[in-house]
Structures are given as C-alpha cells and as structure tokens.
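Below you'll find the structure, written out as structure tokens, and then a few comments.
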Amino acid sequence: MGPSKKIATITEEFLNNLTIDKKLLVLYGFSFLLPMFIIVTMLTLFLYNNFLEKDLQQAEGNVLRLEKSLSMALEKIVDLSDRFYANDRIHQAVLREYHSVVEVFEEYTQLSFLDDFLRLHPEVACIRLFVENQALLNNSYFIQTTDSIRNREWYRRATLLNGRIMWGWEEDVISRNRYIFLFRLIRKPLTGQCIGVLSIGVSPDYLYRLFEADFFSLYLAMDNRIVWNKDSALYGKTPEWLSKDFFRKDEIVRKLKVEIGKTKYAVITKTFSPKRGAVNDFQLIYTIPMQDILRPTVTMILFSLLILSAGLVFSISFIVLFSKYFWHRITLIREELNRVVQKDFAILPSIGGKDELAEIHNDIFLTIQNIKELIQEVYVRKIEQGQLLSQQREIQFKMLVNQINPHFLYNTLETIRMKALANQDREVAYTVKLLGKILRRSLDFSEKPVTLLSELELVSSYLEIQRIRFGNRVHYDIVTLCDAQHILILPFLLQPIVENAFTHGLESKIEGGFIYITTSCEKGLLTIQVKDNGKGMSKERLWEIREQLQKPKEGRCTSIGLLNVQQRIHLYYGDAYGITIDSTEEQGTTVTIVLPLPTKEP
C-alpha cells in the first residue's frame with residue numbers, strides 16, 4: 001500500500017469515528033478556517049514586505065538627497081579654496097616684506113574682501129591660512145606657522161599632497177572647536193612659490209540646517225569615523241554596529257535589524273568622495289527604528305484579525321445552529337432504527353421535509369413494510385432454499401464426475417510411446433518422449449527457481465519437436481558458456497521467448513531457419529540471448545514492444561509471452577534486470593535476458 005493510500009485509509013477511519021456534528025466542525029475548519037489563516041498569513045507577509053520596501057526606498061531617497069546637498073556645500077568650499085589658490089592679491093600679501101606693524105595693518109585693510117567670502121558662504125565656519133612669513137600678525141585669517149603646527153598630521157599630509165585637496169576632522173587652532181576642514185597647500189601659480197596651507201572649516205550650524213529634518217536619524221562619518229550626529233559622544237569614533245560592510249564606495253548599502261543600544265534599526269549608508277578630494281571618503285548613515293517600519297503592518301494585521309474574528313463568530317454560530325438542527329433529524333432516524341432493532345416495526349411514516357434524511361427515513365419505512373411481507377413468506381422461502389441447496393449439490397457432483405486428471409494424459413502419452421517402440425517407429429516414440437518431458441514440467445510448475453540446465457533441456461525438447469515437424473526448414477544450437485548445472489533461475493523464462501522466436505519469426509520460413517541460444521556469465525550477471533534469422537519486425541512494432549516491456553500493463557502477469565516474462569523478472573529480481581529486444585525487418589530478432597547470478601551449492 002502506497003503512502004497516499006495509507007493516508008487516505010487513516011483519514012477515512014478518523015472521519016468514520018466522528019459524529020456528524022464533529023464532522024461538520026472538521027469540514028468547517030478545513031474549508032474556512034484553514035484557508036482564512038493562510039490568506040491572513042500571506043497578506044501579513046505581503047504587507048510587511050511592501051511597507052518595509054517602501055520605507056527603505058524612501059530612506060534611500062533621503063540619503064541620496066542629503067548626499068547631493070552635502071556634495072554641493074563641499075563643492076562650494078572647494079571652489080572657495082580655488083579662489084585662494086588663484087588670488088594674486090592674497091599671494092602678494094603673504095610674500096611681501098614688512099618693515100613695521102603699521103604696514104601689516106594697512107595690508108590687512110586691503111584684504112577686507114575675505115570677510116565677504118565668509119558672508120557669502122554660510123557653509124563656512126572659518127578660514128585659516130598658515131603662512132611662513134613671520135612678519136605677518138596672527139588674525140582670524142592669517143596664522144604664523146609654528147613647529148607645533150608643522151608637526152600636526154593634517155599639516156604634513158597637506159604639504160605632501162602638494163596642492164591636492166584633503167579633508168579632515170580637526171580642532172581649530174583658534175576657537176578650539178572641532179570642524180570638518182578642507183586642507184590644501186597653496187602655491188603661486190606661475191612660480192610655484194609656497195604661500196601656505198589653507199584650512200576652511202565647515203559650519204556645524206549649516207550642517208544642522210541642512211540635516212534638520214533628519215536630525216535624529218542621520219549620522220555623518222568621514223573615513224569611517226562619526227563627525228556629526230545628535231550624540232556628540234560618538235564624535236571621532238566608529239560604533240561597534242557600524243561594520244566595514246557598510247562602507248562600499250558609490251553604493252547604497254542597507255541592513256535590517258541592526259542593534260543600536262537596545263533597539264533594532266534598519267540602517268542605510270552611502271559612501272562618496274567630495275569633488276577633487278584626494279584620499280577622503282564621506283559616509284551618510286541613515287537609521288530607521290524597526291518598530292516604526294512595522295507599525296503600519298501591525299495596524300493592518302490587527303484590523304485583519306478584527307475582521308477575521310467577526311467572521312469566525314458569525315460562521316461558528318451558524319455552524320453550531322445548523323449542527324443542532326442536523327443532529328436532531330439524525331437522532332429521530334436513530335430512534336426509529338432502535339425500535340426496529342427491538343422488533344417494534346411500528347415506526348413513524350415520515351419525519352417531515354424533503355431532504356436526503358427524509359428520503360432515508362421513507363426508504364427505511366418502505367423496507368420495514370417489505371420485511372413484514374417477507375416474514376409472512378418465510379416458510380415458502382425455506383422450501384425454495386432447500387430446493388436450491390439440492391440443485392447445488394447435484395451440480396457439484398456432476399463437476400466431480402467430469403474432472404480430468406492431468407496425470408492420466410501423461411500416462412497415456414507414455415503408453416503411446418511404448419506402442420511406437422514396439423512397432424519400431426522410433427521417431428514417433430522419440431517425439432512422444434519429448435512431449436512427455438514438457439508435459440511433466442508443466443505438471444510440476446511452481447515459482448521456485450530451477451537450474452539453468454533444466455530450463456535449457458526443456459527448450460531443447462521443444463526445439464527438437466519443432467525440428468522433427470519441419471525437417472530441414474529449422475535448425476537450432478544451444479551454447480552454454482557457464483556452469484548451467486549450478487545456476488538457478490525462475491522456471492519457464494526461456495520457453496515463451498523461444499516459442500515467440502519460432503512462431504513469429506521462423507514458422508513461415510521455407511528453409512534456412514535457425515535459432516541460436518547462448519548463455520554467459522560475467523561481472524555477477526547471467527546473460528541469455530535468443531537469436532533467430534526470421535522475418536524480424538518493423539521499427540514501429542519494435543518501438544511498441546519496447547514501450548510495453550518498459551511499462552508492463554496490469555492484469556497481464558499470468559499470460560504467456562514477453563510481457564509475462566518481463567513482469568515475473570521484475571517482481572522476483574527487481575527492475576534493474578529484465579528483457580531487451582533488438583530486431584531488423586527481414587533479418588531477424590535478438591532477445592536478451594539479464595539476471596543476477598545466483599548459484600546452487602554443488
């Protein structure tokens with residue numbers, strides 16, 4: 001019994017043991033509750049994924065918008081540094097030799113346009129030009145370079161970059177506040193003479209205005225260190241949750257359920273490089289609490305559950321009322337049947353209605369009326385049953401008289417053989433002897449394995465009879481290349497195949513017919529081939545037979561023929577063994593049997 005049949009049987013037994021009202025509840029559960037549960041689950045998953053993807057896409061859009069705004073601000077600062085690089089008036093002021101403090105103040109008065117730079121660039125917090133001219137006085141724009149400044153990392157790196165732009169998050173030498181700085185070595189364009197190292201600080205107030213709408217969700221990092229956030233304690237640090245996987249350049253990275261503190265967030269990052277930046281990367285890190293993403297989904301789920309609960313209350317109430325009504329009508333029928341069991345045939349003529357239960361009760365009522373009539377005829381029926389029993393016994397006796405004992409036929413053949421020998425007709429005697437061997441094997445038939453030798457002897461007897469019948473029209477040869485006496489196979493595997501070869505291949509052949517049987521043993525397999533040089537078969541017929549051998553039809557297992565042999569082999573040895581057939585029209589047919597190689601103890 002297959003798994004599906006077992007499940008069907010178990011299900012049927014389970015349902016048969018339930019009362020009608022419980023069956024209705026089971027039907028209700030499978031037809032309504034289960035589909036509704038599946039629908040609500042799928043809807044929940046759909047809403048969750050839909051809202052999540054929508055929020056993440058919106059957050060990615062915010063990140064791209066913020067990146068664009070920040071890049072524009074940084075580009076303005078880069079353009080401002082280009083003005084310092086190309087401003088000849090500033091170069092003259094730095095390289096000039098001063099003989100008094102008054103000359104320095106007069107020169108600073110001529111550089112009042114630097115104040116305009118600050119006023120026109122709200123994104124700039126401060127401008128510092130570190131110069132080597134010791135005659136210049138320190139102010140908010142020009143600062144004499146000291147050994148302390150020269151030893152700072154940003155100063156050395158800006159000098160090595162030789163005019164290329166570098167960004168850093170450093171402390172301002174005047175206000176002692178930390179800013180995002182642009183650092184750049186300034187040289188005189190034509191002569192290449194060093195003017196100084198320029199630093200332009202990014203205004204924190206400008207960043208706040210830029211990111212005000214996303215103040216509580218955004219982190220700004222530079223070279224993987226936080227440089228701007230609502231939590232100043234993170235400045236200059238890389239949080240543990242901010243792994244290197246987030247910093248893939250020019251690519252938006254998103255991760256869900258990232259634990260920050262004790263809250264899980266969806267984190268979206270974008271890493272980019274400012275215009276003409278030499279070695280620095282900026283990272284925008286956008287965070288959304290997972291509970292904010294899930295809140296619409298939870299609301300929708302609660303709403304769905306509310307609708308489902310209302311449907312359940314209504315449907316269960318209806319099922320309970322219907323079950324009680326249905327159970328009441330069934331109880332009426334059961335009570336009527338119990339009265340019949342108690343031999344009280346006075347049941348109600350009807351329980352009302354026109355449904356199936358009413359029809360069942362009407363049928364029961366009619367059955368009871370018929371029973372009453374049958375009781376009145378009981379003696380007549382007894383007489384008829386006695387007569388029928390007498391007739392059956394007479395038939396059985398005739399069948400016993402007409403039975404034929406198959407052994408009587410075998411003994412008769414033996415008598416014919418002895419008479420032929422007595423009359424010196426040895427060919428007839430020999431033929432009867434061969435036929436007797438075949439008959440004896442048929443009488444002793446069972447599914448127990450026999451030796452390959454006995455099977456070959458049986459086939460040899462059959463072929464010898466055919467040779468005697470048809471003379472020189474048919475010849476045969478049996479070649480055994482293995483120990484046939486100790487190899488066991490199922491009985492009557494070869495006989496049908498040899499009969500097919502003769503009947504369908506050679507019977508119509510006028511002369512030169514030949515059947516060649518070979519047996520060989522190799523690699524644990526027994527191979528038996530039956531070849532004939534008969535008329536063969538067409539490709540279409542060969543394909544049809546091969547198709548039948550691959551899928552033997554049910555109900556053919558007792559028939560004699562190739563299909564019978566194939567099915568017996570499959571049942572006894574397994575599907576890995578069996579018959580293959582090859583044939584060419586007007587050239588002959590070859591049937592090959594492959595079996596495992598069992599052996600008999602010598």
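In this text the structure is predicted, and so the values were computed from the model without any measurement.
Between L463 atom CG and E499 atom CD the span is 9.5 Å, to the nearest 0.5 Å. Going from atom NZ of K264 over to atom CG of L256 covers 11.0 Å, rounded to the nearest 0.5 Å. Between the CD1 atom in I593 and the CD atom in Q566 there is a gap of 9.0 Å [rounded to 0.5 Å]. Rounding to the nearest 0.5 angstrom, the gap separating the CD atom in E259 from the CE atom in M290 is 12.5 Å. Within the model, atoms CD of Q57 and CZ of R254 stand 6.5 Å from one another, a figure rounded to the nearest 0.5 Å. To the nearest 0.5 Å, atom CZ of residue R546 and atom CG of residue L562 are 12.5 Å apart.
Considering only heavy atoms from C-beta on, N533 stays 4.5 Å or farther from Y516 through its side chain. In this structure, the side chains of Q550 and D575 stay at 4.5 Å or more apart for every pair of heavy atoms. Within the 4.5 Å cutoff, no side-chain heavy atoms of N564 are placed close to those of P496. Contact check for I528 versus L452: side-chain heavy atoms found under the 4.5 Å cut-off. The shortest distance between side-chain heavy atoms of Y476 and E464 falls below 4.5 Å. A heavy-atom distance below 4.5 Å is not found between the side chains of Y265 and W241. Within the 4.5 Å cutoff, the side chain of S538 has no heavy atoms near those of the E544 side chain. Looking at T269 and I252, their side chains never come closer than 4.5 Å, going by heavy atoms from C-beta outward.
Partners of S583 by side chain to side chain donor-acceptor pair (under 3.5 Å), not counting sequence neighbours, listed by chain and number: T589.
When atom types are taken as modelled, the side chain of Q587 and the backbone of K535 share no donor-acceptor pair closer than 3.5 angstrom. Here the side chain of Q529 pairs no donor or acceptor atom with the backbone of T590 at under 3.5 angstrom. Put simply, the side chain of S461 gets close to the backbone of E457: a donor and an acceptor are under 3.5 Å apart. No side-chain donor-acceptor contact under 3.5 Å links R541 to the backbone of G536.
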Hey, mind stepping through L494 and L458 against side chain to side chain contact (heavy atoms under 4.5 Å, CB included) and telling me if it holds? CA-CA 9 Å; L494 296 180; L458 175 63; over 6 Å; no

(request) Go through the steps for T592 and K531 under the test side chain to side chain contact (heavy atoms under 4.5 Å, CB included), then give the verdict. (result) CA-CA 9 Å; T592 304; K531 298 182 180 179; over 6 Å; no

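Shown here for V253 and F246, the closest heavy-atom pair between the two residues is CG2-O, 3.7 Å. Closest non-hydrogen pair, Y573 versus L488, comes out as OH-O, 4.2 Å. The two residues Q485 and T451 come nearest to each other via the heavy atoms O-CG2, 3.5 Å. Closest approach of M537 and I581 over heavy atoms only: CE-CD1, 4.0 Å. Of all the heavy atoms in L597 and I487, the pair that sits closest is CD1-CD1, 3.9 Å. Contact record, Y577 with V594: CB-O, 3.2 Å, taken as the closest heavy-atom pair.
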Check residues 517-526 and write down every donor-acceptor pair under 3.5 Å in which the side-chain atom is one partner and the other belongs to a residue at least two apart or another chain.
none

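In this structure, K54 places its NZ atom where only 12 or fewer heavy-atom neighbours from other residues, nucleotides or ligands lie under 6.0 Å away. Residue E251 qualifies as enclosed at atom CD: its count of foreign heavy atoms under 6.0 Å is above 12.
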